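No experiment lies behind these values; they were computed from the predicted model shown.
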Amino acid sequence: MAHGHKPDDQEKIIFVGDSRVRKGAGFITPPDYTAYPGKSEAFIPNFLLKEWMVGVVVLVGILVLTISEPAPLGYPANPSASVIPMPDWYFLFLYQYLKYPYASGDYVLLGVLGVSGVAFGALLLAPFLDTGKERRFYRRPIASSLMVLSILSVFYLTNVAWTHYKHELEATGQKPEHIQREEEALEKHEQGLPTSNAPGQQQEVAIVEKDDPAMETFKKAGCVSCHAADMKGASGPSLRGVGDKHSQDEILAIIKDGYNGMPPMYDKAIAQGLTDDDINHLAEWLAKQKAEQ
């Protein structure tokens, strides 16, 4: 505003614009990400929409798998069962790592917190230590070497853990639960029976001639320790419907010689005061246990 020596009624007001402030043009549309190929992309909706579509496809696939094939149920828990404990496959490398002397025993604190803490800390600090703009792996020898070494270590420890587990199974004569389930499913498939233990897939088989004296022989012989008093199975398989799989002679041979990891039970039954006639009658009664009577 300029002031002159004129009277107040003749004073002139002049507005001077500031050239440093640009005139607003309303909402400014950001440039399309194609103007920066390989560098930028609009998060909403371009990036978010693609991620959402991929997530929906994966979710639908998982739902289809869960509906088409129900999850198989394992054997009833048996605290007295002799098994070799093993973690899931994605923890095998840690399971093997904790077996080594420097990571267990007197050095368990070092193995659990020390080495793991260093690895986690290095991973946490990696973005701050590696501040270079280069992203091609062959131009980052230190980071790439550590990544390859970590991957090889995981594969090596996983393979060693699984190989040792198989050797332990062979030495003890045990058979993993998933192998038993596969064999039982194959037998059921060959017989035209449902292969899944999921509820609603099969009907419960009733005990045939439950009041037969062989039922007491079954308990006295010690069969209930593996097959349970209701014959539904505990550490051993269910004997309901066993007559559909084995004949009387085959059952008698199993009692005397054992079968599929089961030890011979004949001498134990005799030691409990049973006679050959009792055992023969037990085998005859078990052969009557069929799904349809």
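Both Ile270 and Val224 belong to a single network of hydrophobic side chains, linked directly or stepwise wherever heavy atoms of I, L, V, M, F, W or Y lie under 4.5 Å apart. Both Leu92 and Val112 are part of a single hydrophobic cluster, where members link through side-chain heavy atoms under 4.5 Å apart. Taken together through direct or relayed side-chain contacts under 4.5 Å among Ile, Leu, Val, Met, Phe, Trp and Tyr, Phe120 and Leu94 form parts of separate hydrophobic clusters. Clustering ILVMFWY residues whenever any of their side-chain heavy atoms sit less than 4.5 angstrom apart, transitively, puts Tyr156 in a cluster other than the one holding Ile151. Note on Val115: it clusters hydrophobically with Val108, by side-chain heavy-atom contacts below 4.5 Å among ILVMFWY residues.
Contacts classified as side-chain hydrogen bond (donor to acceptor under 3.5 Å, both in side chains) and involving residues 137-155 (residues at least two apart or in different chains) are given here: Asp130-Arg140. The stretch residues 272-286 participates, sequence neighbours left out, in no salt bridge (charged side-chain N to carboxylate O under 4.0 Å, His left out) pair at all.
The two residues Pro237 and Glu184 make their nearest non-hydrogen contact at CB-OE2, 4.0 Å. Shortest non-hydrogen contact noted between Met265 and Gly222 is CE-O, 4.4 Å. Minimum interatomic distance between Tyr95 and Ala161 (heavy atoms only, all atoms of both residues): CD2-CB, 4.5 Å.
With Thr158 contributing its side chain and Phe155 its backbone, the two residues share no donor-acceptor pair below 3.5 Å. At distances below 3.5 Å, not a single donor-acceptor pair connects side-chain atoms of Trp285 with backbone N or O atoms of Lys210. In this structure a side-chain-to-backbone donor-acceptor pair under 3.5 Å is present from Ser68 to Leu65. Side chain of Tyr102 to backbone of Leu110: no donor-acceptor contact under 3.5 angstrom is found. A donor-acceptor contact shorter than 3.5 Å links the side chain of Gln289 to the backbone of Val208. Judged purely by atom type and a 3.5 angstrom limit, His227 has no side-chain atom pairing as donor or acceptor with the backbone of Lys232.
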Do Met53 and Leu49 pass the side-chain contact (heavy atoms from CB on, under 4.5 Å) test, and can you show the C-alpha distance, the side-chain angles, and the key distance before you say yes or no? CA-CA 6 Å; Met53 292 177 64; Leu49 181 61; 4.2 Å; yes
Test log, rule side-chain contact (heavy atoms from CB on, under 4.5 Å), inputs Tyr90 and Val154: CA-CA 9 Å; Tyr90 42 83; Val154 169; over 6 Å; no
side-chain contact (heavy atoms from CB on, under 4.5 Å) for Arg240 and Asp230? Distances and angles first, verdict last. CA-CA 9 Å; Arg240 295 194 180 194; Asp230 56 4; 3.9 Å; yes
Apply side-chain contact (heavy atoms from CB on, under 4.5 Å) to Phe218 and Leu239, showing your working. CA-CA 11 Å; Phe218 174 79; Leu239 292 183; 3.5 Å; yes
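Applying the salt bridge (charged side-chain N to carboxylate O under 4.0 Å, His left out) criterion to Glu209, with sequence neighbours excluded, gives Lys288.
Within 6.0 Å of NE2 in His246 there are more than 12 heavy atoms belonging to other residues, nucleotides or ligands. With a 6.0 Å radius and a threshold of 12 heavy atoms from other residues, nucleotides or ligands, Leu149 has its CG atom above the threshold.
Taking the six-membered ring for Trp and thresholds of 30 and 60 degrees, Trp162 and Tyr165 have ring planes inclined between 30 and 60 degrees apart.
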